[in-house]
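These notes concern the structure reproduced below.
Every number for a ligand or one of its atoms is a count from 1 in the order of the listing. When a residue number appears, it is its place in the shown sequence, counting from 1.
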Amino acid sequence: MEKTSKLNKFKLFDTIVIAGLCLLFSVTGAAQPAKGGKKISSDLFGLFFEDINYSADGGLYAELVQNRSFEYNPTERTEWNPFSYWEYIAPGFSYGRISVETSAPVHPANKHYVVLDVEFIGNYPQFKGEAGVGIKNSGFDGMVIRSGEKYNFSLFARQLSNTPMTLLVSLQNRKGEVLAKSTISTSSNDWQKYTATLTATASNDTASLVILAKTSGQLAMDVISLFPEKTFKNRPNGMRADLAQMLADVKPRFIRFPGGCLVHGDGLGNMYRWKNTIGPVQERKEQRNIWGYHQSAGLGYFEFFQFCEDIGAKPLPVLPAAVSCQNSGGTWQIGGTGQRALPMAEMPEYIQEVLDLIEWANGPATSIWGAKRAEAGHPAPFNLQYVGIGNEDKMTPEFEERFSMISKAVKEKHPEITIVGTAGPFHSGEDFDKGWKIANDLKIPVVDEHYYTDPKWFIDNQHRYDSYKRNAGEVYLGEYASWGNKLRNAIAEAAYMTSLERNGDVVRMASYAPLLAKKNFTQWKTDMIFFDNTVICPTPNYYVQKMFSANQGDYYFDKVIAKDEKDANLAASCVQDSKTGDIILKLVNYNESAKPVKVDLSRFGKIAAEAEQTVLAGSPDAENTFENTRIVVPASSVVKIGKTFDYSAPAMSLTVIRLKRNNM
Ligand code: AHR
């Protein structure tokens, strides 16, 4: 009797536990991982955004006006000045003048503004158009306007004469035909923001913004801005929706930003200082971009963090290690000896700047920096987990000293933050070895490696991480690419990515580089997504990244796929995503003929009879072009599969098969 009741008690206990676990799994959405898998990083594949190739202004940042704050200058490009991309106009035999001034700016960080001095508005009956005096901006190679869409115009203005001024704001095509218009009347002798909504009545790819004073007087103007109302997720000061969606489709687990070399900068005065990029846009500090153009900082830290949150990616901001790029001043031509270090006297303030970022991202809205985040519209913390310090810096004693000061301070004040260190610009060599040694001596948990090389290197080095120590820092492969955007490049990268999954217990994260490149404005030849104002041209490399990233797992299984082990051109991996329980196979064939592989799924119990299969295949030299962006695209289908099956991997291909488990 007693025995039975004990048994019943246990049964009851078991039932409660099992019911509890089921509830837990259904609440958290987690399924039980299959037995025998190796735990791997759940942050393995992400994106690296650098403001290179016009990726930000003129690219992902949806602002349509170029040089909106009159801050362009000849140190960026010899031919540039505060009037660049602006044109003075005085239609209808009107006259006046413009000048650039600095004496009473809208904000000290934003020094230059334009003064429009309108003397006479033509009123001749012979002139049939709109007379006035004003300025015109042609954007980044013209503005793309779509019929029926709304555009948000704004400017800061300050009357310098006593009477209010009337401004006719319009969008015009190259013939001067009006596509949208609105009127603004100024009302203050102090800087004030004015806004208008322009609704387009026709479409045009090369439109200009025209601001025409219709009354005489003197007016100071600055931060003249035009955004499509439809930005990504309709965020104000937002991102170009189509480009941002391409990034969201990758389902990256993290985004590293804002660079690259952009971070450590061309000399100390050009380092990327995050505090200059937050707050109202008129208060942000614009600066020369190391890649030879201009950074408005409109796409700043707040926008990066918001974007990460919007697409479910962890933010990975990278801060300079208080040294500038070793190639500063173009010294890459003589061996990259241009690194400059912040004077020691400035280090306490700089370290505080790094700590302040963590407070800005994660601190309560009542903290000094958390309050600034809240003011920007995000009272809740951003849950920052990673902070990168340094970007492939030259491993000098100056670097080492500063890197160790910064990382020690972060560890001490924020042990919850995972610091990402840096190991030089190559896959091996002096900086690489020193970078790893410094990081391991300081017990830095993750170290950023960079390498750009030929496809063969990626094929030949698939065992690189097999021998990495499991008791030292983990790897972030922050930048890699195989010098080319043909299918063969992408497939070589895919083969290598299976080795990253296999080594996902030591490789924590990986991201291809660079990400975006605007047609005719590129500084780096091999990129992931090319675009112009109207067309987006994803490369085969983009599809490989997307197929891996959208199909990551957190457990790795070996011996599921049998292939010719002597053939390095054949690669495969099997992971499980424990959230969905799905088993994901990746099969890569870098050969120029189809190759057989055998799949054995019996260890996974019951598997659904149908699976989703996506194949990227084609001729090795195939690549997408602006004329035909769909030469190399993946094809998806539903296929029937058995517990064991043979698969013929097409020549030069990546196949991803996603299987549902039936026995959960
Ligand atoms: O990705 C382009 C550049 O390559 C990055 O700015 C730099 O980190 C690397 O050298």
Side-chain angles (χ1 to χ4, degrees), residues 46-57 59-60 247 252 254-267 270-272 287-293 295 299 304 316-321 323-333 335-339 387-395 399 403 420-432 435 439 446-454 457-458 475-485 489 493 509-518 521-531 539 541-542 545:
L47 292 176
F48 163 46
F49 175 92
E50 172 161 25
D51 185 2
I52 184 173
N53 305 320
Y54 275 65
S55 296
D57 296 296
L60 189 58
L247 307 188
F254 66 89
I255 303 182
R256 170 180 177 233
F257 56 84
C261 291
L262 181 93
V263 165
H264 52 188
D266 193 13
N270 190 242
M271 286 194 318
Y272 193 102
Q287 73 167 357
R288 178 169 62 93
N289 182 309
I290 192 171
W291 296 106
Y293 56 103
Q295 274 170 271
L299 179 54
F304 284 123
L316 167 47
V318 183
L319 302 167
V323 294
S324 73
C325 180
Q326 53 268 29
N327 298 318
S328 293
T331 53
W332 55 270
Q333 296 168 92
T337 52
Q339 185 188 79
V387 171
I389 299 169
N391 172 65
E392 57 170 52
D393 299 283
K394 185 119 197 94
M395 295 296 150
F399 165 85
F403 176 82
V420 180
T422 184
F426 306 112
H427 52 61
S428 51
E430 203 184 321
D431 288 325
F432 179 85
V446 184
V447 178
D448 183 9
E449 297 187 352
H450 296 176
Y451 37 88
Y452 300 86
T453 181
D454 56 295
W457 186 94
F458 285 93
V475 177
Y476 167 36
L477 176 50
E479 296 182 24
Y480 69 100
S482 75
W483 283 133
N485 290 127
N489 299 92
E493 287 153 12
M509 308 157 104
S511 49
Y512 180 96
L515 177 60
L516 295 173
K518 189 165 192 175
F521 296 91
T522 60
Q523 293 83 45
W524 201 270
K525 220 171 136 206
T526 303
D527 302 284
M528 206 209 285
I529 302 168
F530 291 85
F531 65 94
T539 60
N541 317 65
Y542 167 79
Q545 292 298 321

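Taking the six-membered ring where the residue is Trp, Phe458 and Tyr480 present tilted rings, their angle falling between 30° and 60°.
Residues Trp524 and Glu50 bring no donor and acceptor atom of their side chains to less than 3.5 Å of each other.
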Apply side chain to side chain donor-acceptor pair (under 3.5 Å) to the pair Asp51 and Gln295, showing each step before the final yes or no.
-> CA-CA 8 Å; Asp51 185 2; Gln295 274 170 271; 4.6 Å; no
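You'll find the ring centres of Tyr476 and Phe254 inside the 6.0 Å limit.
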Need the list: ligand 1 N/O atoms against protein N/O atoms, distance under 3.5 Å, rounded to one decimal.
from, atom 1, to, atom 2, distance (Å)
ligand 1, 1 (O), Tyr452, OH, 2.7
ligand 1, 1 (O), Glu479, OE1, 3.4
ligand 1, 4 (O), Tyr452, OH, 3.3
ligand 1, 4 (O), Glu479, OE1, 3.1
ligand 1, 6 (O), Glu50, OE1, 2.5
ligand 1, 6 (O), Glu50, OE2, 3.1
ligand 1, 6 (O), Cys261, N, 2.8
ligand 1, 8 (O), Asn391, OD1, 3.3
ligand 1, 8 (O), Asn391, ND2, 3.2
ligand 1, 8 (O), Glu392, OE1, 3.4
ligand 1, 8 (O), Glu479, OE1, 3.1
ligand 1, 8 (O), Glu479, OE2, 2.8
ligand 1, 10 (O), Glu392, OE1, 3.2
ligand 1, 10 (O), Glu392, OE2, 2.7

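In this structure Phe304 satisfies the ring pair (Phe, Tyr, Trp, His ring centres under 6.0 Å) test together with Phe49, Phe257, sequence neighbours excluded.
Here the shortest heavy-atom pairing between Ile290 and Gly265 reads CD1-C, 3.7 Å.
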